[in-house]
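Hydrogens, waters and symmetry mates are skipped; everything else that's a heavy atom, side chains included, is used. Position 1 is the first residue of the sequence, and the numbers go up from there. We count ligands from 1, going down the list as the structure has it; atoms in each ligand are counted the same way.
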Amino acid sequence: MKKIIITIDGWSSCGKSTLAKQLAKKLGYLYVDSGAMYRAVTLFFLRNHIDWTDKKEVKKALNSIKLKFVFNPKSKVSEIFLNDENVEYLIRDMVVAEKVSDVAAIKGVRQFAVAQQRKMGTKKGIIMDGRDIGTVVFPKAELKIFMTADNAVRTERRFKELYEKNPNITIEEVKNNLEMRDYIDSHRKVSPLKKAKDAIELNNTNLTENQQFRKAMEWVQQKIS
Ligand code: DC
């Protein structure tokens with residue numbers, strides 16, 4: 001069967017990674033969470049007090065960042081390493097979420113991440129989720145999915161996820177963060193979040209994980225058979 005590139009873009013917390021993981025498992029494809037790369041860069045900038053409004057400082061900082069994904073056989077997904085430290089869990093923190101959209105809007109940061117993302121796709125058999133994967137990273141991908149879901153549903157889903165780690169978090173905080181990130185991600189100058197012309201829209205507000213997986217698998221079958 002032919003190996004393809006599958007891109008999944010969309011708003012924050014609309015289930016992109018859930019779908020990507022389901023598909024990767026079924027197809028035996030590599031799953032890459034591109035957002036994790038922007039989060040890891042943000043973590044590095046915060047820890048090292050990098051002034052990301054200063055181009056030179058950003059360039060210097062990026063030169064000392066090495067990112068890699070390592071497959072964890074227990075969780076069955078690849079986890080991100082920042083200079084040989086596993087930061088997969090740290091990067092999900094609200095402190096990072098508050099700043100990641102600002103960092104991801106920087107041209108130099110995007111060039112740094114996109115170059116690595118394209119390399120990962122050279123052999124195909126890959127599913128990558130993010131905001132600009134179908135438009136900029138892999139504009140020729142065989143299957144492009146653009147995911148949406150109602151704001152209230154997305155907030156609820158993210159809240160549940162974050163509450164498990166931090167019971168002090170409020171639904172208001174989560175809602176504000178999602179709205180802020182969506183606004184910055186879709187209004188930035190470089191590679192803003194938008195649906196690729198040839199992407200299929202998947203609104204999963206009223207779909208179970210299983211239903212959305214079956215829908216996406218139908219689209220995959222059409223492309224690989
Ligand atoms: O998917 P996520 O929520 O982990 O992504 C974190 C942030 O990174 C998100 O607010 C926007 C940015 N991002 C991006 O600009 N481009 C991507 N391809 C992936 C994520």
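- The protein non-hydrogen atom at the shortest distance from atom 11 (C) of ligand 1 is Asp185 OD2, 3.2 Å.
- When only modelled atom types and interatomic distance are considered, Asp51 and Thr53 share a side-chain donor-acceptor pair under 3.5 Å.
- Under the 4.5 Å side-chain heavy-atom criterion for Ile, Leu, Val, Met, Phe, Trp and Tyr, Val100 and Phe69 are members of the same hydrophobic cluster.
- If you number the atoms of ligand 1 from 1 as listed, the ones under 4.0 Å from a heavy atom of Tyr38 come out as 8 (O), 13 (N), 14 (C), 16 (N), 17 (C), 18 (N), 19 (C), 20 (C).
- Close approach of ligand 1 to Ser34 is summarised as follows: ligand atoms under 4.0 Å from at least one heavy atom of the residue are 17 (C), 18 (N), 19 (C).
- In this structure, Lys21 forms no cation-pi arrangement with Tyr31, as its terminal cationic atom is not both closer than 6.0 Å to the ring centre and no more than 45° off the ring axis.
- Distances below 4.0 Å separate heavy atoms of Gly130 from the following atoms of ligand 1: 17 (C), 18 (N), 19 (C).
- Around atom 3 (O) of ligand 1, the closest heavy atom drawn from Met128, Arg110, Gln117, Arg181 belongs to Arg181.
- Atom 1 (O) of ligand 1 has its closest protein heavy atom at Arg131 NH1, 3.0 Å.
- The pair Glu85-Arg47 meets the salt-bridge criterion, since a charged nitrogen lies less than 4.0 angstrom from a carboxylate oxygen.
- A salt bridge links Lys124 with Glu142: at least one charged nitrogen is closer than 4.0 Å to a carboxylate oxygen.
- The residues Arg188 and Asp182 are annotated as not salt-bridged, no charged nitrogen and carboxylate oxygen being separated by less than 4.0 angstrom.
- The residues Arg110 and Asp132 are annotated as salt-bridged, a charged nitrogen and a carboxylate oxygen being separated by less than 4.0 angstrom.
- Here the heavy atom of the protein found nearest to atom 4 (O) of ligand 1 is Arg39 NE, 2.7 Å.
- Near Ala104, with a cut-off below 4.0 Å to any heavy atom, the atoms of ligand 1 are 12 (C), 15 (O).
- Closest to atom 20 (C) of ligand 1 among all protein heavy atoms lies Gly35 CA, 3.5 Å.
- Residue Ile133 touches ligand 1 through its side chain alone, judged by heavy-atom distances below 4.0 Å.
- If you look at Arg188 next to ligand 1, the close heavy atoms, those under 4.0 Å, all belong to the side chain.
- Hydrophobic clustering, with ILVMFWY side chains joined whenever heavy atoms are under 4.5 angstrom apart, keeps Ile80 apart from Ile8.
- With respect to Lys144, the side chain to side chain donor-acceptor pair (under 3.5 Å) criterion is satisfied by exactly one of Thr7, Asp198, Thr135: Asp198.
- For ligand 1, the atoms closer than 4.0 angstrom to any heavy atom of Asp132 are 16 (N), 17 (C), 18 (N).
- Taking every heavy atom of Ser101 and a limit of under 4.0 angstrom, the matching atoms of ligand 1 come to 10 (O).
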